[in-house]
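Below you'll find the structure I mean.
Just so you know, these numbers come straight off a predicted model, no measurement behind them. One is the number of the first residue; the rest follow in order along the sequence.
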Amino acid sequence: MKIVKILAAWIPALLIAMSGVFKLAGTAEVMEAMTRIGVGRYVPLLGVMEIVFAALYVIPATMKIGFILASCYFAGAIATDLSHGVLTASPFLPIVLLWIGAFIRDRSIFF
(Lines give C-alpha, C1' and ligand atoms only; values in the text may rest on other atoms or scores of the structure.)
Protein backbone atom coordinates (compact mmCIF):
# COMPACT_ATOMS: atom_id res chain seq x y z
CA MET A 1 0.00 0.00 0.00
CA LYS A 2 2.96 2.30 0.66
CA ILE A 3 4.12 1.99 -2.96
CA VAL A 4 0.63 2.86 -4.20
CA LYS A 5 0.60 5.99 -2.04
CA ILE A 6 4.03 7.01 -3.33
CA LEU A 7 2.90 6.54 -6.93
CA ALA A 8 -0.32 8.43 -6.16
CA ALA A 9 1.81 11.36 -5.05
CA TRP A 10 4.48 11.33 -7.70
CA ILE A 11 2.64 10.53 -10.94
CA PRO A 12 0.37 13.62 -10.92
CA ALA A 13 3.15 15.78 -9.47
CA LEU A 14 5.60 14.81 -12.21
CA LEU A 15 2.98 15.39 -14.90
CA ILE A 16 2.19 18.85 -13.52
CA ALA A 17 5.88 19.70 -13.03
CA MET A 18 6.69 18.60 -16.59
CA SER A 19 3.98 20.91 -17.86
CA GLY A 20 5.54 23.71 -15.84
CA VAL A 21 8.99 22.99 -17.23
CA PHE A 22 7.64 23.06 -20.80
CA LYS A 23 6.09 26.45 -20.06
CA LEU A 24 9.33 27.78 -18.59
CA ALA A 25 11.29 26.44 -21.56
CA GLY A 26 8.92 28.35 -23.85
CA THR A 27 8.54 25.60 -26.42
CA ALA A 28 6.90 26.75 -29.65
CA GLU A 29 3.94 24.40 -29.23
CA VAL A 30 3.14 25.66 -25.74
CA MET A 31 3.64 29.31 -26.65
CA GLU A 32 1.37 29.01 -29.68
CA ALA A 33 -1.41 27.35 -27.68
CA MET A 34 -1.16 29.83 -24.81
CA THR A 35 -1.02 32.85 -27.11
CA ARG A 36 -4.12 31.60 -28.90
CA ILE A 37 -6.12 31.83 -25.67
CA GLY A 38 -4.60 35.16 -24.66
CA VAL A 39 -2.22 34.21 -21.85
CA GLY A 40 1.02 34.13 -23.83
CA ARG A 41 2.74 36.78 -21.74
CA TYR A 42 2.01 34.88 -18.52
CA VAL A 43 3.48 31.55 -19.60
CA PRO A 44 6.61 31.77 -17.37
CA LEU A 45 4.50 32.66 -14.34
CA LEU A 46 2.11 29.78 -15.06
CA GLY A 47 5.09 27.43 -15.36
CA VAL A 48 6.46 28.49 -11.99
CA MET A 49 3.03 28.10 -10.43
CA GLU A 50 2.69 24.55 -11.75
CA ILE A 51 6.11 23.55 -10.40
CA VAL A 52 5.36 25.06 -6.98
CA PHE A 53 1.94 23.37 -6.80
CA ALA A 54 3.49 20.01 -7.73
CA ALA A 55 6.17 20.40 -5.05
CA LEU A 56 3.57 21.32 -2.43
CA TYR A 57 1.48 18.29 -3.41
CA VAL A 58 4.38 15.84 -2.99
CA ILE A 59 5.41 17.04 0.48
CA PRO A 60 3.12 15.30 3.01
CA ALA A 61 2.86 18.33 5.31
CA THR A 62 1.69 20.60 2.46
CA MET A 63 -0.20 18.04 0.39
CA LYS A 64 -3.63 19.53 1.11
CA ILE A 65 -2.72 23.09 0.14
CA GLY A 66 -0.92 21.79 -2.97
CA PHE A 67 -4.01 19.77 -3.87
CA ILE A 68 -6.33 22.76 -3.46
CA LEU A 69 -4.09 25.15 -5.39
CA ALA A 70 -3.47 22.72 -8.25
CA SER A 71 -7.17 21.82 -8.44
CA CYS A 72 -8.13 25.49 -8.69
CA TYR A 73 -5.41 26.12 -11.27
CA PHE A 74 -6.55 23.29 -13.55
CA ALA A 75 -10.22 24.15 -13.06
CA GLY A 76 -9.32 27.64 -14.28
CA ALA A 77 -7.47 26.11 -17.23
CA ILE A 78 -10.56 24.11 -18.14
CA ALA A 79 -12.76 27.21 -17.85
CA THR A 80 -10.35 29.26 -19.98
CA ASP A 81 -10.24 26.58 -22.66
CA LEU A 82 -14.04 26.32 -22.65
CA SER A 83 -14.47 30.07 -22.98
CA HIS A 84 -12.15 30.18 -25.98
CA GLY A 85 -13.54 27.08 -27.68
CA VAL A 86 -10.23 25.22 -27.70
CA LEU A 87 -10.92 22.59 -25.06
CA THR A 88 -8.52 19.66 -25.19
CA ALA A 89 -7.75 16.82 -22.81
CA SER A 90 -4.68 18.69 -21.52
CA PRO A 91 -6.16 20.14 -18.31
CA PHE A 92 -8.34 17.11 -17.59
CA LEU A 93 -5.62 14.49 -17.20
CA PRO A 94 -3.65 16.27 -14.44
CA ILE A 95 -6.74 17.17 -12.40
CA VAL A 96 -8.15 13.65 -12.62
CA LEU A 97 -4.83 12.10 -11.58
CA LEU A 98 -4.49 14.71 -8.84
CA TRP A 99 -7.90 13.88 -7.38
CA ILE A 100 -7.36 10.12 -7.59
CA GLY A 101 -3.94 10.50 -5.97
CA ALA A 102 -5.32 12.69 -3.18
CA PHE A 103 -8.10 10.17 -2.52
CA ILE A 104 -5.58 7.35 -2.25
CA ARG A 105 -3.16 9.32 -0.08
CA ASP A 106 -5.55 11.00 2.36
CA ARG A 107 -9.29 10.54 2.09
CA SER A 108 -9.92 13.08 4.84
CA ILE A 109 -9.33 15.87 2.33
CA PHE A 110 -12.75 15.14 0.85
CA PHE A 111 -14.67 15.11 4.12
Side-chain angles (χ1 to χ4, degrees):
M1 190 62 184
K2 187 175 183 175
I3 293 173
V4 173
K5 287 186 177 187
I6 291 171
L7 290 174
W10 281 96
I11 290 174
L14 288 175
L15 182 67
I16 294 168
M18 267 186 7
S19 174
V21 168
F22 288 145
K23 285 180 177 69
L24 284 176
T27 61
E29 217 174 79
V30 170
M31 291 304 292
E32 179 186 330
M34 298 302 256
T35 303
R36 191 173 342 133
I37 59 173
V39 294
R41 63 183 176 187
Y42 302 110
V43 170
L45 175 62
L46 297 173
V48 169
M49 288 170 57
E50 287 182 4
I51 293 169
V52 169
F53 298 161
L56 288 171
Y57 180 71
V58 169
I59 300 168
T62 60
M63 187 272 280
K64 289 181 180 181
I65 190 71
F67 169 74
I68 291 167
L69 291 172
S71 293
C72 292
Y73 175 85
F74 284 104
I78 292 168
T80 302
D81 283 359
L82 279 172
S83 69
H84 287 84
V86 292
L87 186 62
T88 62
S90 299
F92 284 104
L93 184 61
I95 199 168
V96 167
L97 291 175
L98 189 74
W99 278 63
I100 291 170
F103 185 78
I104 291 170
R105 288 177 70 194
D106 184 7
R107 293 182 182 170
S108 71
I109 198 167
F110 297 102
F111 302 108

- Message: Considering only residues two or more places apart or on different chains, which pairs with a residue in residues 7-18 satisfy side-chain hydrogen bond (donor to acceptor under 3.5 Å, both in side chains)?
- Response: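 Found none.
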- Task: Might you point out which heavy atoms bring T62 and I65 nearest each other, and give the distance in Å?
- Result: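 It is O-CG2, 3.2 Å.
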- Task: Report the distance from atom CD1 of I68 to atom CG of L98, rounding to the nearest 0.5 Å.
- Result: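 Between atom CD1 of I68 and atom CG of L98 there are 10.5 Å.
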- Item | Atom of S71, atom of I95 and distance for their closest heavy-atom approach |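 What the structure gives for the nearest pair is O-CD1, 3.6 Å.
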- Smallest separation among heavy atoms of I16 and A70, with atom names: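 Heavy atoms only, the tightest pair is CD1-CB, 4.5 Å.
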- Query: With S90, which residues qualify under side-chain contact (heavy atoms from CB on, under 4.5 Å), at least two apart?
  - Reply: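 Applying side-chain contact (heavy atoms from CB on, under 4.5 Å) to S90 gives T88.
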- Item | Pairwise salt bridge (charged side-chain N to carboxylate O under 4.0 Å, His left out) hits with a residue in residues 91-111, at least two apart |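 Salt bridge (charged side-chain N to carboxylate O under 4.0 Å, His left out) check on residues 91-111 returns K64-D106.
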- Message: Can you list everything that forms a side-chain contact (heavy atoms from CB on, under 4.5 Å) with V96? Sequence neighbours excluded, please.
- Response: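 By the side-chain contact (heavy atoms from CB on, under 4.5 Å) rule, V96 matches I100.
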- Under 4.5 Å between side-chain heavy atoms, hopping through other hydrophobics if needed: is there a path connecting I59 to L7?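 No, because I59 and L7 fall into different hydrophobic clusters, even though each may have its own neighbours under 4.5 Å.
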- Item | Between CG on residue L24 and CG on residue L45, distance to nearest 0.5 Å |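 If I round to the nearest 0.5 Å, the distance is 9.5 Å.
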- Message: Can you give me the closest heavy-atom contact between M34 and V43, atom names plus distance?
- Response: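 Minimum heavy-atom contact is CB-CG2, 3.5 Å.
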- Query: Could you give all pairs that pass the salt bridge (charged side-chain N to carboxylate O under 4.0 Å, His left out) test and reach residues 84-100, with sequence neighbours left out?
  - Reply: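 Checked against salt bridge (charged side-chain N to carboxylate O under 4.0 Å, His left out) - neighbours excluded - no pair reaches residues 84-100.
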- Pairwise distance CG(L69) to CZ(F53) - rounded to 0.5 angstrom: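 Separation between the atoms: 4.5 Å.
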- Query: For residues 28-52, which residue pairs qualify under salt bridge (charged side-chain N to carboxylate O under 4.0 Å, His left out), counting only residues two or more places apart or in two chains?
  - Reply: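 Qualifying pairs, neighbours excluded: K23-E50, E32-R36.
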- Task: Determine whether I51 and V58 fall in the same hydrophobic cluster, where Ile, Leu, Val, Met, Phe, Trp and Tyr are linked whenever their side-chain heavy atoms lie under 4.5 Å apart.
- Result: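 No, I51 and V58 fall in different hydrophobic clusters.
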- Message: Has Y57 got a side-chain atom pairing as donor or acceptor with A102's backbone, closer than 3.5 angstrom?
- Response: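 Yes, because the side chain of Y57 sits within donor-acceptor range (under 3.5 Å) of the backbone of A102.
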- What residues, two or more places apart in sequence or in another chain, satisfy side-chain contact (heavy atoms from CB on, under 4.5 Å) together with L97?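 Only I11, P12, L15, L93 meet the side-chain contact (heavy atoms from CB on, under 4.5 Å) criterion with L97.
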- Task: Please check if L14 and V21 belong to a single hydrophobic cluster, counting links between Ile, Leu, Val, Met, Phe, Trp and Tyr side chain heavy atoms closer than 4.5 Å.
- Result: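 Different clusters: L14 never reaches V21 through Ile, Leu, Val, Met, Phe, Trp or Tyr contacts under 4.5 Å.
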- Task: Report, as yes or no, whether the 6.0 Å neighbourhood of atom OH on Y73 holds more than 12 heavy atoms from other residues, nucleotides or ligands.
- Result: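 Yes, because the 6.0 Å sphere around OH of Y73 holds more than 12 heavy atoms from other groups.
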- Item | Heavy-atom side-chain proximity of F92 to F74 below 4.5 angstrom |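 A side-chain contact is absent here, since even the closest heavy-atom pair is not under 4.5 Å.
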- Message: Under the rule for ring-ring contact (aromatic ring centres under 6.0 Å, His included), what residues qualify as partners of F103, not counting sequence neighbours?
- Response: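 Expected list: F110.
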- Item | side chain to side chain donor-acceptor pair (under 3.5 Å) against T80, all qualifying residues, sequence neighbours excluded |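 If we apply the side chain to side chain donor-acceptor pair (under 3.5 Å) test to T80, skipping adjacent residues, there are no hits.
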- Item | Cluster check W99, I6: I/L/V/M/F/W/Y, side chain < 4.5 angstrom |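 Result: no, two separate clusters.
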- Query: Which atom names give the shortest non-hydrogen contact between P91 and A77, and what distance separates them?
  - Reply: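 Residues P91 and A77, closest heavy atoms: CB-CB, 3.9 Å.
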- Name all pairs fulfilling the salt bridge (charged side-chain N to carboxylate O under 4.0 Å, His left out) condition that reach into residues 73-102, sequence neighbours left out, sorted by first residue then second.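 Those involving residues 73-102 do not exist here.
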